[in-house]
Amino acid sequence: MSDAQDPAADPAGSGASGSGLAAEKVRRTARVDEIRERGDEPYPYRFDRSHTLAEVRAEWGTIEAGSETEAVVTVAGRIMLQRDTGKLVFATIRDRDGEIQLFISKGVVGDDAFADVKELDLGDWVGATGTVMATRTGELSVKPTSVTLLAKAVRPLPDKWHGLTDPETRFRQRYADLIVNAEARRHFEVRHAMVSSFRRTLAGEGYIEVETPVLHVEAGGAHARPFVTHHNALEMELYLRIALELHLKRLIVGGMEKVFEIGRIFRNEGISTRHNPEFTMMELYQAFADWTDVMAITERLITNAARDALGTTTVTIRGQDVDLAEPWPRLSMCGAVSAKAGTDVHPSMPLDEARALADRHHATYEPSWGSGRVIESLFEELCEAEIVRPTFVTGHPVEISPLARVDRTDPYVTERFELFVDGRELANGYSELNDPREQRMRFEEEQAAKDAGDAERGTVDEDYLRALEYGMPPTGGLGVGIDRVAMLLAGVDNIREVVLFPTLRPEQEIQ
RNA sequence: CCGCCUCUAGCUCAAUGGCAGAGCAGUGGACUCUUAAUCCAUUGGUUCUGGGUUCGAAUCCCAGGGGGCGGACCA
């Protein structure tokens with residue numbers, strides 16, 4: 001647009017001068033007008049196909065080279081490649097599940113229709129009806145008697161061979177990335193297969209899927225900075241949720257026994273290869289269970305997902321094959337840090353000793369932190385990155401686990417685990433704290449830390465405490481980072497590869 | 001928020017201080033079994049933006065913007 005220039009009104013019909021993007025769009029848009037002017041529709045409302053391209057291949061993929069069948073099919077797809085030999089045009093079209101070649105003969109479709117075929121561009125959507133055949137070289141093809149334009153593409157596709165590699169363009173224009181990069185398509189197929197596998201596993205074990213509020217009055221259930229928004233009619237601030245936990249446990253109080261939710265949560269923090277500001281969590285809670293049950297279902301969920309998404313339970317992590325079906329090792333946080341630091345650590349240790357150890361190992365800490373949180377910092381500094389195969393890290397200090405139940409054999413740690421794979425945290429679960437009085441004390445400690453200036457710490461959620469006062473049965477809970485598991489199964493090390501539209505700064509100008 | 005890297009045609013990339021180029025896509029032409037079809041011809045540029053140094057800047061410097069990687073932050 002804005003090319004109000006054209007006093008040239010060039011008789012050559014070459015549209016805008018040159019062949020940049022603008023000229024290309026002018027040319028293709030002019031084609032749309034041409035088709036309309038003669039009474040045809042370049043964007044028809046619907047099209048009925050008889051077969052997907054994969055179905056054609058499944059049924060006739062093995063016919064002999066040079067053979068023609070009587071079978072008539074109607075297919076549809078986007079033109080990805082074109083080879084024009086004069087009176088014969090080969091067009092490779094693609095739908096969601098496959099590709100096939102159209103063998104378009106001037107003699108078969110007739111002169112007028114063939115002229116229209118010549119006007120098709122890469123990227124156009126077409127439908128075709130014709131017989132199934134295989135060329136002399138054995139390429140399975142449809143030989144159309146008619147070819148219908150289903151949608152004109154007025155913007156050219158990226159390079160047919162090199163595709164689209166610029167990460168910025170790939171993430172901003174995911175649609176173009178998906179059109180052109182099979183690997184990108186695969187990542188989201190894996191993600192879909194994984195999520196649907198999770199749902200199947202959970203349904204099979206009697207879990208109920210629920211939806212809880214995204215807009216929270218208090219953003220609890222995790223230590224993270226929330227996004228703040230405003231409700232006009234209520235005239236109040238609301239927070240986008242940072243976790244699903246507290247609402248789901250209210251449902252356990254309500255007697256729903258086994259619940260889960262797969263939902264988007266939002267954390268107002270940095271962006272990295274493992275962090276997107278909005279991401280997807282699966283959390284489940286199960287009455288009468290404890291953390292050991294939850295570790296077991298974590299293994300089942302992820303192993304089943306691998307089998308369903310990849311057809312194998314073996315994945316490659318940092319170049320080594322790991323069979324997820326083998327039991328996952330457990331590693332106590334304090335034990336791991338003790339081994340690395342060469343001296344025993346425990347949250348009961350004096351704070352100055354914990355700090356001295358942190359100093360020696362370049363682990364950072366804040367003045368407000370107790371020994372437990374300093375130990376966690378040491379763990380992150382010394383141990384986290386070295387974990388390759390799936391490992392349950394257990395026994396988190398009480399100080400960093402305000403919603404988890406104290407370990408039945410050690411009052412300083414909780415019955416909690418985090419699942420680490422390839423140096424990344426994938427899941428987190430524990431025996432849920434259900435004593436309302438102890439929960440109130442833990443909340444008050446959180447509130448005190450927040451008041452002391454630690455912005456990520458929590459607040460006292462009075463409604464949640466009221467729920468606990470009605471009695472929550474013994475409960476095990478789990479949170480799984482869906483994006484992180486998708487990364488594992490897709491074999492990628494950047495979360496943007498498994499998030500369709502990752503958060504980016506807005507473009508300044510779209511051409 | 002900090003450090004390093006990066007930004008050239010629609011796409012993928014050259015050009016390292018001396019006339020901004022190639023392949024693909026596009027356009028015109030040839031070809032009824034191609035496979036990234038091929039062959040001939042050809043169009044297309046705010047070199048991210050603004051400033052500076054220089055006889056001369058895509059190239060060097062400064063500032064800004066987008067993106068990438070790493071860090072900080074993220075139990």
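Note on naming: letters A, B, ... go to the chains in the order of the sequence lines (proteins, then strands), and numbering restarts at 1 for each one.
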>> Need one value for Pro397(A): base, sugar-phosphate or nothing, where a base atom within 4.0 Å counts as base even if backbone is also close, heavy atoms only.
In response: nothing
>> Mind checking if Arg155(A) touches a base, just sugar-phosphate, or nothing, with heavy atoms under 4.0 Å?
In response: nothing
> Which part of the nucleic acid, if any, lies within contact of Glu425(A), taking any heavy atom under 4.0 Å across all strands shown: a base, the sugar-phosphate backbone alone, or nothing?
Replying inline: nothing
> Is C74(B) paired to anything, Watson-Crick or G-U wobble with both distances less than 3.5 Å, and if yes, which nucleotide?
Replying inline: none
> What about Phe379(A) and Phe420(A), are their ring centers closer than 6.0 Å?
Replying inline: yes
> Between Tyr412(A) and His346(A), what is the ring plane arrangement, given parallel below 30°, perpendicular above 60°, and tilted in between?
Replying inline: perpendicular
> More 5' along RNA chain B: Arg225(A) or Arg496(A), using each one's nearest nucleotide?
Replying inline: Arg496(A)
> Taking the side chain of His275(A) as heavy atoms from C-beta outward, which of G26(B), C74(B), C69(B) is closest to it?
Replying inline: C74(B)
> Now, which nucleotide makes the Watson-Crick or G-U wobble pair with G45(B), with each of the two distances under 3.5 Å?
Replying inline: none
> Between Asn268(A) (CG) and C74(B) (C1'), how many Å, whole number?
Replying inline: 11 Å
> Which of the following nucleotides, A25(B), G70(B), G67(B), is nearest to the side chain of Arg505(A)?
Replying inline: G67(B)
> Hey, is NZ on Lys340(A) packed in by over 12 heavy atoms from elsewhere, all under 6.0 Å?
Replying inline: no
> Which sits closer to the 5' end of RNA chain B, Asn494(A) or Arg484(A), going by the nucleotide each is nearest to?
Replying inline: Asn494(A)
> Aromatic ring centroids of Trp328(A) and Phe392(A) under 6.0 Å?
Replying inline: yes
> Do the charged groups of Glu353(A) and Arg355(A) touch, with an N to O distance under 4.0 Å?
Replying inline: no
>> Need one value for Ala176(A): base, sugar-phosphate or nothing, where a base atom within 4.0 Å counts as base even if backbone is also close, heavy atoms only.
In response: nothing
> Would you say Asp112(A) has more than 12 foreign heavy atoms packed within less than 6.0 Å of its CG?
Replying inline: no
> What is the distance from CZ of Phe171(A) to C1' of G68(B), rounded to the nearest Å?
Replying inline: 9 Å
>> Can you tell me the base-pairing partner of U12(B)? Count Watson-Crick or G-U wobble geometry only, both distances below 3.5 Å, and say none if there is no partner.
In response: A22(B)
> Is the ring centre of Phe227(A) less than 6.0 Å from the ring centre of Tyr239(A)?
Replying inline: no
> Can you list, by residue number, the residues of residues 358-375 of chain A that have a non-hydrogen atom closer than 4.0 angstrom to RNA chain B?
Replying inline: none
> Can you find a heavy atom in the side chain of Phe171(A) that is under 4.5 Å from one in the side chain of Leu504(A)?
Replying inline: yes
>> Can you see whether Glu432(A) engages Tyr430(A) through a side-chain donor-acceptor pair at a distance of less than 3.5 angstrom?
In response: no
>> Taking pairing as Watson-Crick or G-U wobble with both contacts under 3.5 Å, can you name the mate of U38(B), or confirm there isn't one?
In response: A30(B)
> Which one is paired to A57(B), where only Watson-Crick or G-U wobble pairs with both distances under 3.5 angstrom count?
Replying inline: none
> Just checking Glu507(A): base, sugar-phosphate only, or nothing, at a heavy-atom cut-off of under 4.0 Å?
Replying inline: nothing
> Under the side-chain hydrogen bond (donor to acceptor under 3.5 Å, both in side chains) rule, what pairs show up with a residue in residues 260-269 of chain A, not counting sequence neighbours?
Replying inline: Thr212(A)-Glu261(A), Arg241(A)-Glu261(A), Arg264(A)-Glu278(A)
>> Treating primed atoms plus P, OP1 and OP2 as sugar-phosphate and everything else as base, which nucleotides of nucleotides 28-38 of chain B get B, S or - for protein heavy atoms under 4.0 Å?
In response: ---BBBBBBB-
